[in-house]
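No experiment lies behind these values; they were computed from the predicted model shown. A, B, ... follow the sequence lines: proteins, then strands. Residue 1 opens every chain. Side chains are part of it too, since the values below use all heavy atoms of this structure and drop only hydrogens, waters and symmetry mates.
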Protein chains: 2
Amino acid sequence: MDKEAFFHKLVTFTTAVHEVTFDLTKDVRPEGITPVQYSILEYIAVSQPVTLSQISDCKNISMPNTSRELKKLTEKNLCEKLDVAEDRRKQMIRLSDAGQAMMNKAFEQIGERFLDRIKDSSTEELEEINRALDVLQSKVFNSGK
Amino acid sequence: MDKEAFFHKLVTFTTAVHEVTFDLTKDVRPEGITPVQYSILEYIAVSQPVTLSQISDCKNISMPNTSRELKKLTEKNLCEKLDVAEDRRKQMIRLSDAGQAMMNKAFEQIGERFLDRIKDSSTEELEEINRALDVLQSKVFNSGK
DNA sequence: CTCTTTAATTATCATTTGATAACAAAATCG
DNA sequence: CGATTTTGTTATCAAATGATAATTAAAGAG
(Lines give C-alpha, C1' and ligand atoms only; values in the text may rest on other atoms or scores of the structure.)
Protein backbone atom coordinates (compact mmCIF):
# COMPACT_ATOMS: atom_id res chain seq x y z
CA MET A 1 0.00 0.00 0.00
CA ASP A 2 1.43 3.32 -0.97
CA LYS A 3 2.15 5.97 1.60
CA GLU A 4 -0.13 8.56 0.11
CA ALA A 5 -3.18 6.34 0.45
CA PHE A 6 -2.09 5.22 3.90
CA PHE A 7 -1.82 8.79 5.05
CA HIS A 8 -5.21 9.62 3.62
CA LYS A 9 -6.65 6.68 5.47
CA LEU A 10 -5.21 7.95 8.70
CA VAL A 11 -6.63 11.42 8.15
CA THR A 12 -10.05 9.96 7.51
CA PHE A 13 -9.72 7.79 10.58
CA THR A 14 -8.67 10.52 12.97
CA THR A 15 -11.43 12.74 11.64
CA ALA A 16 -13.92 9.97 12.34
CA VAL A 17 -12.53 9.51 15.85
CA HIS A 18 -12.94 13.20 16.52
CA GLU A 19 -16.49 13.21 15.21
CA VAL A 20 -17.51 10.16 17.18
CA THR A 21 -15.99 11.38 20.43
CA PHE A 22 -17.79 14.65 19.86
CA ASP A 23 -21.06 12.75 19.49
CA LEU A 24 -20.35 10.57 22.51
CA THR A 25 -19.51 13.49 24.77
CA LYS A 26 -21.97 15.99 23.42
CA ASP A 27 -24.39 17.24 26.07
CA VAL A 28 -22.68 15.46 28.97
CA ARG A 29 -20.93 18.63 30.01
CA PRO A 30 -22.74 19.98 33.05
CA GLU A 31 -24.08 23.50 33.09
CA GLY A 32 -21.63 26.13 34.21
CA ILE A 33 -18.59 24.15 33.09
CA THR A 34 -16.77 25.43 30.03
CA PRO A 35 -15.32 23.04 27.44
CA VAL A 36 -11.76 23.63 28.62
CA GLN A 37 -12.77 23.13 32.23
CA TYR A 38 -14.52 19.91 31.33
CA SER A 39 -11.47 18.60 29.51
CA ILE A 40 -9.36 19.40 32.57
CA LEU A 41 -11.79 17.56 34.81
CA GLU A 42 -11.69 14.60 32.46
CA TYR A 43 -7.94 14.56 32.64
CA ILE A 44 -7.91 14.80 36.42
CA ALA A 45 -10.51 12.04 36.65
CA VAL A 46 -8.37 9.66 34.65
CA SER A 47 -4.96 10.58 36.04
CA GLN A 48 -5.52 11.87 39.55
CA PRO A 49 -3.78 12.95 41.54
CA VAL A 50 -1.94 15.33 39.23
CA THR A 51 0.03 18.53 39.60
CA LEU A 52 -0.81 21.81 37.91
CA SER A 53 2.23 21.48 35.67
CA GLN A 54 1.09 18.08 34.48
CA ILE A 55 -2.27 19.47 33.51
CA SER A 56 -0.59 22.37 31.77
CA ASP A 57 1.74 20.07 29.84
CA CYS A 58 -0.72 17.38 28.89
CA LYS A 59 -3.58 19.65 27.93
CA ASN A 60 -1.40 22.28 26.31
CA ILE A 61 -2.68 25.11 28.44
CA SER A 62 -0.26 27.72 29.75
CA MET A 63 0.43 27.68 33.48
CA PRO A 64 -1.30 30.98 34.18
CA ASN A 65 -4.40 29.83 32.36
CA THR A 66 -4.31 26.42 33.99
CA SER A 67 -4.06 28.11 37.35
CA ARG A 68 -6.98 30.36 36.56
CA GLU A 69 -9.26 27.55 35.40
CA LEU A 70 -8.28 25.36 38.32
CA LYS A 71 -9.06 28.14 40.72
CA LYS A 72 -12.54 28.38 39.25
CA LEU A 73 -12.98 24.62 39.55
CA THR A 74 -11.92 24.57 43.19
CA GLU A 75 -14.23 27.49 43.87
CA LYS A 76 -17.03 25.38 42.43
CA ASN A 77 -15.92 22.63 44.82
CA LEU A 78 -15.21 20.23 41.99
CA CYS A 79 -11.60 19.58 42.87
CA GLU A 80 -9.18 19.92 45.73
CA LYS A 81 -5.59 21.04 46.03
CA LEU A 82 -3.40 19.04 48.36
CA ASP A 83 0.00 20.18 49.53
CA VAL A 84 2.91 17.91 48.79
CA ALA A 85 5.12 17.23 51.78
CA GLU A 86 8.34 16.59 49.84
CA ASP A 87 8.08 19.70 47.69
CA ARG A 88 6.11 22.54 49.09
CA ARG A 89 5.95 24.36 45.75
CA LYS A 90 3.85 21.59 44.28
CA GLN A 91 0.20 20.85 44.71
CA MET A 92 -1.59 17.64 43.93
CA ILE A 93 -5.00 18.06 42.39
CA ARG A 94 -7.78 15.56 42.68
CA LEU A 95 -11.53 15.57 42.25
CA SER A 96 -13.66 16.38 45.26
CA ASP A 97 -16.54 14.07 46.10
CA ALA A 98 -18.87 16.36 44.18
CA GLY A 99 -16.47 16.47 41.26
CA GLN A 100 -16.08 12.72 41.28
CA ALA A 101 -19.83 12.26 41.32
CA MET A 102 -20.19 14.67 38.44
CA MET A 103 -17.60 12.92 36.33
CA ASN A 104 -18.98 9.49 37.17
CA LYS A 105 -22.31 10.61 35.85
CA ALA A 106 -20.74 12.03 32.71
CA PHE A 107 -18.72 8.86 32.10
CA GLU A 108 -21.80 6.78 32.66
CA GLN A 109 -23.64 8.64 29.93
CA ILE A 110 -20.71 8.34 27.57
CA GLY A 111 -20.38 4.66 28.42
CA GLU A 112 -24.02 4.03 27.60
CA ARG A 113 -23.70 5.72 24.25
CA PHE A 114 -20.57 3.77 23.53
CA LEU A 115 -22.19 0.45 24.40
CA ASP A 116 -25.10 1.36 22.19
CA ARG A 117 -22.66 2.02 19.40
CA ILE A 118 -21.12 -1.45 19.61
CA LYS A 119 -24.23 -3.33 20.68
CA ASP A 120 -24.58 -5.12 17.34
CA SER A 121 -21.08 -6.57 17.49
CA SER A 122 -20.61 -10.26 18.20
CA THR A 123 -18.17 -11.51 20.80
CA GLU A 124 -15.64 -12.27 18.07
CA GLU A 125 -16.03 -8.80 16.63
CA LEU A 126 -15.46 -7.29 20.05
CA GLU A 127 -12.29 -9.32 20.35
CA GLU A 128 -11.29 -8.05 16.93
CA ILE A 129 -11.94 -4.48 17.97
CA ASN A 130 -9.97 -5.05 21.12
CA ARG A 131 -6.97 -6.32 19.20
CA ALA A 132 -7.25 -3.45 16.72
CA LEU A 133 -7.17 -0.96 19.59
CA ASP A 134 -4.02 -2.62 20.92
CA VAL A 135 -2.32 -2.53 17.56
CA LEU A 136 -3.03 1.11 16.86
CA GLN A 137 -2.33 2.22 20.38
CA SER A 138 1.07 0.55 20.44
CA LYS A 139 2.20 1.18 16.87
CA VAL A 140 0.70 4.52 15.88
CA PHE A 141 -0.93 6.42 18.70
CA ASN A 142 1.72 6.02 21.33
CA SER A 143 1.96 9.53 22.66
CA GLY A 144 5.25 8.95 24.42
CA LYS A 145 6.98 9.12 21.07
CA MET B 1 -13.53 -8.81 28.51
CA ASP B 2 -15.81 -6.79 30.71
CA LYS B 3 -17.49 -3.64 29.49
CA GLU B 4 -15.97 -1.41 32.11
CA ALA B 5 -12.43 -2.24 31.04
CA PHE B 6 -13.39 -2.04 27.39
CA PHE B 7 -14.78 1.43 27.89
CA HIS B 8 -11.69 2.52 29.75
CA LYS B 9 -9.58 1.24 26.92
CA LEU B 10 -11.57 3.28 24.46
CA VAL B 11 -11.20 6.42 26.54
CA THR B 12 -7.45 5.90 26.71
CA PHE B 13 -7.35 5.28 22.99
CA THR B 14 -9.33 8.33 21.95
CA THR B 15 -7.25 10.47 24.30
CA ALA B 16 -4.12 9.15 22.63
CA VAL B 17 -5.55 9.85 19.19
CA HIS B 18 -6.29 13.41 20.21
CA GLU B 19 -2.83 13.91 21.65
CA VAL B 20 -1.08 12.46 18.63
CA THR B 21 -3.11 14.45 16.14
CA PHE B 22 -2.33 17.52 18.18
CA ASP B 23 1.37 16.72 17.94
CA LEU B 24 1.16 15.95 14.23
CA THR B 25 -0.68 19.16 13.39
CA LYS B 26 1.02 21.45 15.86
CA ASP B 27 2.76 24.37 14.18
CA VAL B 28 1.47 23.59 10.69
CA ARG B 29 -1.22 26.24 10.99
CA PRO B 30 -0.10 29.24 8.96
CA GLU B 31 0.12 32.65 10.53
CA GLY B 32 -3.09 34.65 10.49
CA ILE B 33 -5.31 31.56 10.44
CA THR B 34 -7.22 30.82 13.62
CA PRO B 35 -7.71 27.22 14.82
CA VAL B 36 -11.34 27.16 13.74
CA GLN B 37 -10.47 28.59 10.36
CA TYR B 38 -7.78 25.96 9.91
CA SER B 39 -10.16 23.16 10.77
CA ILE B 40 -12.62 24.51 8.21
CA LEU B 41 -9.90 24.65 5.58
CA GLU B 42 -8.95 21.08 6.41
CA TYR B 43 -12.53 19.98 5.96
CA ILE B 44 -12.88 21.80 2.66
CA ALA B 45 -9.57 20.34 1.46
CA VAL B 46 -10.77 16.81 2.08
CA SER B 47 -14.38 17.17 0.99
CA GLN B 48 -14.47 19.93 -1.58
CA PRO B 49 -16.59 21.19 -3.04
CA VAL B 50 -18.91 21.66 -0.06
CA THR B 51 -21.78 23.94 0.83
CA LEU B 52 -21.85 26.26 3.81
CA SER B 53 -24.48 24.10 5.47
CA GLN B 54 -22.29 21.03 5.17
CA ILE B 55 -19.43 22.83 6.89
CA SER B 56 -21.80 24.06 9.56
CA ASP B 57 -23.19 20.56 10.15
CA CYS B 58 -19.97 18.61 10.05
CA LYS B 59 -17.87 21.01 12.06
CA ASN B 60 -20.63 21.89 14.50
CA ILE B 61 -20.41 25.59 13.89
CA SER B 62 -23.58 27.66 13.64
CA MET B 63 -24.50 29.02 10.24
CA PRO B 64 -23.88 32.66 11.14
CA ASN B 65 -20.45 31.81 12.49
CA THR B 66 -19.64 29.58 9.56
CA SER B 67 -20.64 32.38 7.24
CA ARG B 68 -18.47 34.83 9.13
CA GLU B 69 -15.37 32.64 9.13
CA LEU B 70 -15.84 31.72 5.50
CA LYS B 71 -16.10 35.35 4.59
CA LYS B 72 -12.76 35.98 6.26
CA LEU B 73 -11.24 33.04 4.42
CA THR B 74 -12.48 34.23 1.05
CA GLU B 75 -11.19 37.71 1.85
CA LYS B 76 -7.81 36.14 2.44
CA ASN B 77 -8.19 34.49 -0.96
CA LEU B 78 -7.93 31.02 0.51
CA CYS B 79 -11.24 29.75 -0.81
CA GLU B 80 -13.84 30.53 -3.42
CA LYS B 81 -17.61 30.53 -3.49
CA LEU B 82 -19.26 29.17 -6.60
CA ASP B 83 -22.91 29.61 -7.42
CA VAL B 84 -24.95 26.48 -7.94
CA ALA B 85 -27.05 26.54 -11.07
CA GLU B 86 -29.81 24.18 -9.84
CA ASP B 87 -30.35 25.96 -6.54
CA ARG B 88 -29.43 29.58 -6.44
CA ARG B 89 -29.58 29.73 -2.64
CA LYS B 90 -26.65 27.37 -2.39
CA GLN B 91 -22.97 28.04 -2.83
CA MET B 92 -20.25 25.51 -3.34
CA ILE B 93 -17.03 26.26 -1.53
CA ARG B 94 -13.64 25.10 -2.65
CA LEU B 95 -10.06 26.05 -1.99
CA SER B 96 -8.48 28.69 -4.21
CA ASP B 97 -5.09 27.94 -5.74
CA ALA B 98 -3.45 29.77 -2.86
CA GLY B 99 -5.56 27.87 -0.34
CA GLN B 100 -4.79 24.58 -2.01
CA ALA B 101 -1.09 25.33 -1.98
CA MET B 102 -1.28 26.26 1.67
CA MET B 103 -3.08 23.08 2.64
CA ASN B 104 -0.79 20.93 0.49
CA LYS B 105 2.13 22.32 2.41
CA ALA B 106 0.42 21.70 5.73
CA PHE B 107 -0.53 18.14 4.78
CA GLU B 108 3.00 17.51 3.58
CA GLN B 109 4.38 18.47 6.97
CA ILE B 110 1.82 16.33 8.75
CA GLY B 111 2.55 13.45 6.38
CA GLU B 112 6.25 13.65 7.11
CA ARG B 113 5.67 13.54 10.82
CA PHE B 114 3.30 10.64 10.40
CA LEU B 115 5.76 8.66 8.32
CA ASP B 116 8.43 9.33 10.90
CA ARG B 117 6.08 7.95 13.50
CA ILE B 118 5.60 4.64 11.72
CA LYS B 119 9.07 4.42 10.18
CA ASP B 120 10.14 1.55 12.42
CA SER B 121 7.23 -0.66 11.40
CA SER B 122 7.82 -3.62 9.14
CA THR B 123 5.69 -4.29 6.08
CA GLU B 124 3.69 -6.86 8.03
CA GLU B 125 3.11 -4.41 10.83
CA LEU B 126 1.91 -1.80 8.37
CA GLU B 127 -0.53 -4.35 6.99
CA GLU B 128 -1.63 -5.04 10.55
CA ILE B 129 -2.14 -1.34 11.21
CA ASN B 130 -4.05 -1.06 7.98
CA ARG B 131 -6.43 -3.85 8.96
CA ALA B 132 -6.82 -2.40 12.43
CA LEU B 133 -7.83 0.95 10.92
CA ASP B 134 -10.43 -0.82 8.79
CA VAL B 135 -11.85 -2.70 11.75
CA LEU B 136 -12.20 0.32 13.99
CA GLN B 137 -13.43 2.57 11.25
CA SER B 138 -16.19 0.17 10.27
CA LYS B 139 -17.20 -1.16 13.68
CA VAL B 140 -16.69 1.69 16.10
CA PHE B 141 -15.88 5.01 14.49
CA ASN B 142 -18.49 5.02 11.79
CA SER B 143 -19.86 8.50 12.12
CA GLY B 144 -22.96 7.85 10.08
CA LYS B 145 -24.41 5.97 13.04
C1' DC C 1 24.95 31.47 51.29
C1' DT C 2 23.87 33.34 46.72
C1' DC C 3 22.23 32.27 42.13
C1' DT C 4 19.26 29.83 39.27
C1' DT C 5 15.47 27.05 38.31
C1' DT C 6 10.88 25.27 39.10
C1' DA C 7 5.93 25.64 40.53
C1' DA C 8 2.34 28.32 40.89
C1' DT C 9 -0.34 32.81 41.22
C1' DT C 10 -2.30 37.25 39.96
C1' DA C 11 -3.51 40.76 36.88
C1' DT C 12 -4.45 42.34 32.49
C1' DC C 13 -5.35 42.50 27.61
C1' DA C 14 -6.58 41.08 22.93
C1' DT C 15 -8.54 37.67 20.24
C1' DT C 16 -11.44 33.98 19.26
C1' DT C 17 -15.42 31.77 19.58
C1' DG C 18 -20.36 31.04 20.59
C1' DA C 19 -25.02 32.66 20.62
C1' DT C 20 -28.92 35.29 19.12
C1' DA C 21 -31.97 38.17 16.48
C1' DA C 22 -33.30 40.04 12.34
C1' DC C 23 -33.13 39.82 7.57
C1' DA C 24 -33.20 38.51 2.39
C1' DA C 25 -33.70 35.55 -1.39
C1' DA C 26 -34.73 31.45 -3.46
C1' DA C 27 -37.11 27.00 -3.39
C1' DT C 28 -40.93 24.10 -2.20
C1' DC C 29 -45.44 22.87 -0.76
C1' DG C 30 -50.40 23.00 -0.73
C1' DC D 1 -50.45 32.23 -5.76
C1' DG D 2 -49.41 32.61 -0.75
C1' DA D 3 -47.29 30.28 3.07
C1' DT D 4 -43.42 27.82 4.66
C1' DT D 5 -38.85 26.00 4.55
C1' DT D 6 -34.14 26.14 3.26
C1' DT D 7 -29.77 28.64 2.59
C1' DG D 8 -27.07 32.08 3.63
C1' DT D 9 -25.94 36.97 5.48
C1' DT D 10 -25.24 40.81 8.67
C1' DA D 11 -24.87 42.86 13.04
C1' DT D 12 -24.13 42.60 17.72
C1' DC D 13 -23.08 40.88 22.26
C1' DA D 14 -21.14 37.99 25.82
C1' DA D 15 -18.15 34.52 27.13
C1' DA D 16 -14.14 31.72 26.67
C1' DT D 17 -9.62 31.30 25.56
C1' DG D 18 -4.80 32.61 24.69
C1' DA D 19 -0.85 35.40 25.68
C1' DT D 20 2.21 38.14 28.47
C1' DA D 21 4.47 40.37 32.35
C1' DA D 22 5.33 40.68 37.01
C1' DT D 23 5.48 38.37 41.41
C1' DT D 24 6.05 34.83 45.24
C1' DA D 25 7.94 30.92 47.41
C1' DA D 26 10.44 26.93 47.57
C1' DA D 27 14.05 23.80 45.82
C1' DG D 28 18.48 22.84 43.92
C1' DA D 29 23.19 23.92 42.31
C1' DG D 30 27.71 25.58 43.03
inquiry  = Filter on ring pair (Phe, Tyr, Trp, His ring centres under 6.0 Å), then keep only pairs touching residues 51-100 of chain B, sequence neighbours left out; what's left?
reply    = none
message = Suppose the criterion is ring pair (Phe, Tyr, Trp, His ring centres under 6.0 Å): which pairs have a residue in residues 89-140 of chain A, not counting sequence neighbours?
response = A:Phe114-B:Phe6
request  = Kindly calculate the angle separating the two end axes of the helix from C:dC1-D:dG30 to C:dG30-D:dC1, each obtained from five base pairs, and round it to 10 degrees.
outcome  = 40°
request  = Can you sort out which residues in residues 68-81 of chain A have a heavy atom within less than 4.0 Å of DNA chain D? Ascending by number, please.
outcome  = A:Arg68
request  = May I have all residue pairs that pass salt bridge (charged side-chain N to carboxylate O under 4.0 Å, His left out) and include part of residues 29-44 of chain B, sequence neighbours excluded?
outcome  = none
note = Apart from A:Phe22 itself, its cluster of hydrophobic side chains linked below 4.5 Å comprises none
task = For A:Asn60, enumerate each residue passing the side chain to side chain donor-acceptor pair (under 3.5 Å) test, keeping only those at least two apart in sequence or located in another chain.
result = none
Would you give me the side-chain donor-acceptor pairs under 3.5 Å for residues 75-84 of chain A, sequence neighbours excluded?
residue: A:Lys76; atom: NZ; partner: A:Gly32; partner atom: O; Å: 3.2
residue: A:Glu80; atom: OE1; partner: A:Arg94; partner atom: NE; Å: 3.1
residue: A:Glu80; atom: OE1; partner: A:Arg94; partner atom: NH2; Å: 3.4

With sequence neighbours excluded, residues passing side chain to side chain donor-acceptor pair (under 3.5 Å) with B:Gln48 = B:Gln100
request  = Mind listing the residues from residues 82-94 of chain A sitting with a heavy atom below 4.0 Å of DNA chain D? Number order is fine.
outcome  = A:Glu86, A:Asp87, A:Arg88, A:Arg89
inquiry  = Quick check on contacts: within residues 47-65 of chain A, what sits under 4.0 Å from DNA chain D by heavy-atom distance?
reply    = A:Pro64, A:Asn65
Side chain to side chain donor-acceptor pair (under 3.5 Å) involving B:Arg88 - partner list, sequence neighbours excluded = none
message = Parallel, tilted or perpendicular, judged at 30° and 60°: which one describes the rings of A:Phe13 and B:Phe141?
response = perpendicular
ask   = Between CG of A:Leu52 and CD of A:Glu69, what distance do you get to the nearest 0.5 Å?
value = 11.5 Å
